[in-house]
Amino acid sequence: MPIDEQDFQQYHLDTLAIRSGRLTTDEGAHGEPIFTTSSYVFDSAAQAAARFSGAEKGNIYSRFTNPTVRSFEQRLAALEGAERCVATSSGMAAILSTVMALLQSGDEVICSRSVFGTTNVLFEKYLHKFGVKTSFVNLTDLEEWKAAITGQTRMLFMETPSNPLCEVADIAQLAELAHANNALLVVDNCFCTPVLQQPLALGADISLHSATKFLDGQGRCIGGAVCGSDKLMEEVFGFLRSAGPTMSPFNAWVFLKGLETLSLRMQAHSANALRLADWLEQHPGVEKVYYAGLPSHPQHLLARTQQQAFGGVLSFRVKGGRAEAWKVIDSTRFLSITGNLGDTKTTITHPATTTHGRLSDDAKSKAGITENLIRVAVGLEHISDIKADLDLGLSGLANNRPD
Ligand SMILES: *Cc1c(COP(=O)(O)O)cnc(C)c1O
């Protein structure tokens, strides 16, 4: 007998990732179908009226109701332990939808300085225009978060581990701080995914995603998602219905299939990244490695309790400056020089001139984005080959003597 969506909660995450959010049709297809339709037909005028008024549940129009998208939403909600998920057209649309739905002019946001560069721009430049003011704090300094709180603070926003320096913040502690001050804690869970970290279980109000990264896992589609309580998600859904930053059914299908292998992939990404981090830390061409899986990492113990593993992204400073960093990047033969991450293909990037290039020099220096910093999103190629590719440029730096 088929299982109700609610009953799925008794199963393990690996099972939920494959079996929850079932999408069945009268055709008996085993693979999930993609519903490429903009609208839906009704049996009668009365049914149309009931659907539009909300009196009857069902599909209306694919800006806000589509079976393939809904299937992805249900599956991700099950993994995040959320009552509901709302899928969006991109990770940035997930952040924008959350803020537009839950904040108003005069409200204030406190945001970690170590967030995705575009998130920074969205808050500082665009949301500011509409009267939502943001102050930026050091992710790992609880006192700074506390000091930034005002009577208007309504949202705390952060990523953990952060991009690109892999700093880890205590989600439970920040959730407590937010709730004591009538504010929401929003966690961008892109780096860990629900396989490695479940922010809602730790007290966060919202866990959101750039599905573009690990949820897809093979660098094919742009998408995003917001997960949380029914009450909060109803607001986010209302914004999506009215403003239209909707996920396409095709992309939803890619992400839906991506979720089925997410657990295996996150374990493999994490295993490769840990081995690479260990190797880089010993390398004479490397000044410092940033990866929460290393015992040398300042929040290693916190990461061990808060996360199931340490994820696929690390960064390191080479000995030298921009020229040396670029040399290491340009010397690689198969690593992809691109800002994307969460792909089976290992990617390498120079944050100071790409993903974080739009930040002011001051913001860059406060966020620790130096010229000799390289970020690697470790893929699923053989670890020996990844090391060898990085060694092509790094070994040349090993003998550099400081002037
Ligand atoms: C990529 C990314 C985003 C933005 O997502 P898009 O899908 O590119 O819009 C937001 N947060 C983090 C941590 C990201 O890596």
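Numbering of ligands and ligand atoms starts at 1, following listing order.
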Task: Mutual orientation of the aromatic rings belonging to F72 and F255 [parallel < 30°, tilted 30-60°, perpendicular > 60°] - done: tilted
Open item on the list: Under a 4.0 angstrom heavy-atom cut-off, which atoms of ligand 1 come close to D188?
Closed with: 10 (C), 11 (N), 12 (C), 13 (C)
Task: Proximity flag G223 to ligand 1, non-hydrogen atoms under 4.0 Å - done: yes
Open item on the list: For atom 9 (O) of ligand 1, what's the nearest protein heavy-atom neighbour? Residue, atom name and distance, please.
Closed with: M92 N, 2.9 Å
TODO: May I ask you to decide whether E73 forms a salt bridge with R70, counting only side-chain N to carboxylate O separations under 4.0 Å?
DONE: no
- [ ] List the closest protein heavy-atom neighbour of atom 7 (O) of ligand 1: residue, atom name, distance to the nearest 0.1 Å.
- [x] T212 OG1, 2.7 Å
Open item on the list: Would you say NE2 of H128 has more than 12 non-hydrogen atoms from neighbouring residues, nucleotides or ligands within 6.0 angstrom?
Closed with: no
TODO: Identify, for atom 5 (O) of ligand 1, the protein heavy atom at the shortest distance, and state residue, atom and that distance.
DONE: S210 OG, 3.0 Å
Task: Heavy atom of the protein closest to atom 6 (P) of ligand 1 (residue, atom name, distance) - done: G91 N, 3.3 Å
Open item on the list: For F237, does the six-membered ring have the charged nitrogen or CZ of R84 within the cation-pi criterion, i.e. under 6.0 angstrom from the centroid and within 45° of the normal?
Closed with: yes
Open item on the list: Within 45 degrees of the ring normal and closer than 6.0 Å to the centroid, is that where the cationic atom of K288 sits relative to Y290?
Closed with: yes
Open item on the list: At less than 4.0 angstrom from any non-hydrogen atom of K213, what atoms of ligand 1 do you find?
Closed with: 1 (C), 2 (C), 3 (C), 14 (C), 15 (O)
Open item on the list: Does K257 qualify as a cation-pi partner of F250, given the criterion of NZ or CZ under 6.0 Å from the six-membered ring centre and within 45 degrees of its axis?
Closed with: no
